[in-house]
Every structure is written in structure tokens, then in C-alpha cells.
Amino acid sequence: MSTLQSLLDQKFALDKQIEMTRRQEQAAAISQVKSIMEQYGLSASDLGLKGGKASTRKGGKVATKYLNSATGDSWSGRGLQPKWLKAALEDGRKLEEFSV
């Protein structure tokens with residue numbers, strides 16, 4: 001019967017071998033695809049692919065909708081209300097008073 005450590009060592013060796021084989025097969029596949037594309041004069045757009053990687057850009061900055069003119073604090077209206085606005089609303093002020 002195998003010990004836990006010997007089984008973990010085997011698993012580590014297999015994981016390493018799997019990753020190495022995956023990389024080799026992926027490189028071979030990429031090479032084969034490039035060869036076929038060159039042979040037939042194809043581009044990524046011919047295959048319906050976008051050239052390059054997907055954009056990781058997030059949305060732009062959102063304009064300020066609420067402003068505390070006394071302190072200069074602002075809020076875009078997205079997400080949780082900031083503490084300064086909650087406190088003002090609890091004191092009886094209205095949200096419209098802070099509209100920009």
C-alpha cells in the first residue's frame with residue numbers, strides 16, 4: 001500500500017508531465033494552423049477571429065451626479081451611498097439638494 005506522500009509525489013509528477021505535454025501539443029497545433037493559413041493565404045479575419053486579444057479595459061469614469069458643495073465630496077450615483085450623503089439625508093436634507 002502506498003503512503004500519502006508517495007501518492008502526492010506521483011500526482012505532482014503527473015501534473016508536471018500533463019502540463020508539458022499540453023504545451024507541446026498546443027505548440028504543434030499552432031504551428032499546423034499557421035502553416036495551413038499561409039498555404040491558403042488566410043488571415044484571422046477570414047476565420048471570423050478578431051486580431052489580438054480581447055480588451056481588458058473597463059468602463060470609463062462616470063460623471064458626478066451629487067456634490068456636497070461645503071466639503072467638495074461627490075458621488076456618481078452608482079454603488080452604495082457615501083457616508084457623508086447618508087448622514088445628510090438622516091439629518092433631514094433631500095437628495096435633490098446635492099444634485100449637480
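Residues take their numbers from the sequence shown, with the count starting at 1. Everything numeric here is computed off the predicted structure, so don't read it as measured data.
Under the 4.5 Å side-chain criterion, counting only non-hydrogen atoms from C-beta, Ser76 is not in contact with Thr64. Counting heavy atoms from C-beta on, the side chains of Arg78 and Val62 come closer than 4.5 Å.
One N or O on the side chain of Glu97 and one on the backbone of Lys94 form a donor-acceptor pair closer than 3.5 Å.
The environment of CD in Gln17 is sparse: at most 12 heavy-atom neighbours from other residues, nucleotides or ligands sit within 6.0 Å. Counting non-hydrogen atoms of neighbouring residues, nucleotides and ligands closer than 6.0 angstrom, the CZ atom of Arg22 exceeds 12 such neighbours. Residue Leu80 places its CG atom among 12 or fewer non-hydrogen atoms of other residues, nucleotides or ligands, all under 6.0 Å distant.
Ion pairing of Glu19 with Arg23 is present here, as a side-chain N (NZ or NE/NH1/NH2) and a carboxylate O approach within less than 4.0 Å.
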| request: Start with the C-alpha distance between Leu47 and Met37, add both sets of side-chain angles, then the distance that settles side chain to side chain contact (heavy atoms under 4.5 Å, CB included), and finish with yes or no. | output: CA-CA 10 Å; Leu47 302 176; Met37 288 176 72; 4.0 Å; yes
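Met20 and Leu14 fall into different hydrophobic clusters, where Ile, Leu, Val, Met, Phe, Trp and Tyr are joined by side-chain heavy atoms under 4.5 Å apart, directly or via other members. A single hydrophobic cluster is seen to contain both Trp84 and Leu95, as judged by linkage of ILVMFWY side chains at heavy-atom distances under 4.5 Å, directly or through other members. Cluster membership for Ile30 and Val33, using ILVMFWY side-chain heavy atoms within less than 4.5 angstrom, is not shared.
When every heavy atom of Asp46 is checked against every heavy atom of Gly41, the shortest pair comes out as OD2-O, 3.9 Å. Here the closest non-hydrogen pair linking Phe98 and Ala88 is CZ-CB, 3.5 Å. Taking every heavy atom of both residues into account, Leu67 and Gly72 meet most closely at CD1-O, 3.8 Å.
Under the ring-ring contact (aromatic ring centres under 6.0 Å, His included) criterion, no residue pair touches residues 5-28, with sequence neighbours excluded. For residues 61-80, the set of pairs meeting the ring-ring contact (aromatic ring centres under 6.0 Å, His included) definition, not counting sequence neighbours, comprises Tyr66-Trp75.
Summarising the geometry, atom CG belonging to Asp73 is positioned 12.0 Å from atom NZ belonging to Lys83; distances are rounded to the nearest 0.5 Å. The line from NZ of Lys34 to CG of Leu42 is 14.5 Å long, rounded to the nearest 0.5 Å. Rounding to the nearest 0.5 Å places CG of Leu89 at 5.5 Å from CD of Gln81. Between the OG1 atom in Thr21 and the NZ atom in Lys16 there is a gap of 12.5 Å [rounded to 0.5 Å]. Between Lys65 atom NZ and Ser99 atom OG the span is 9.5 Å, to the nearest 0.5 Å.
Side-chain contact, Asn68 with Thr71: a donor N or O sits under 3.5 Å from an acceptor N or O.
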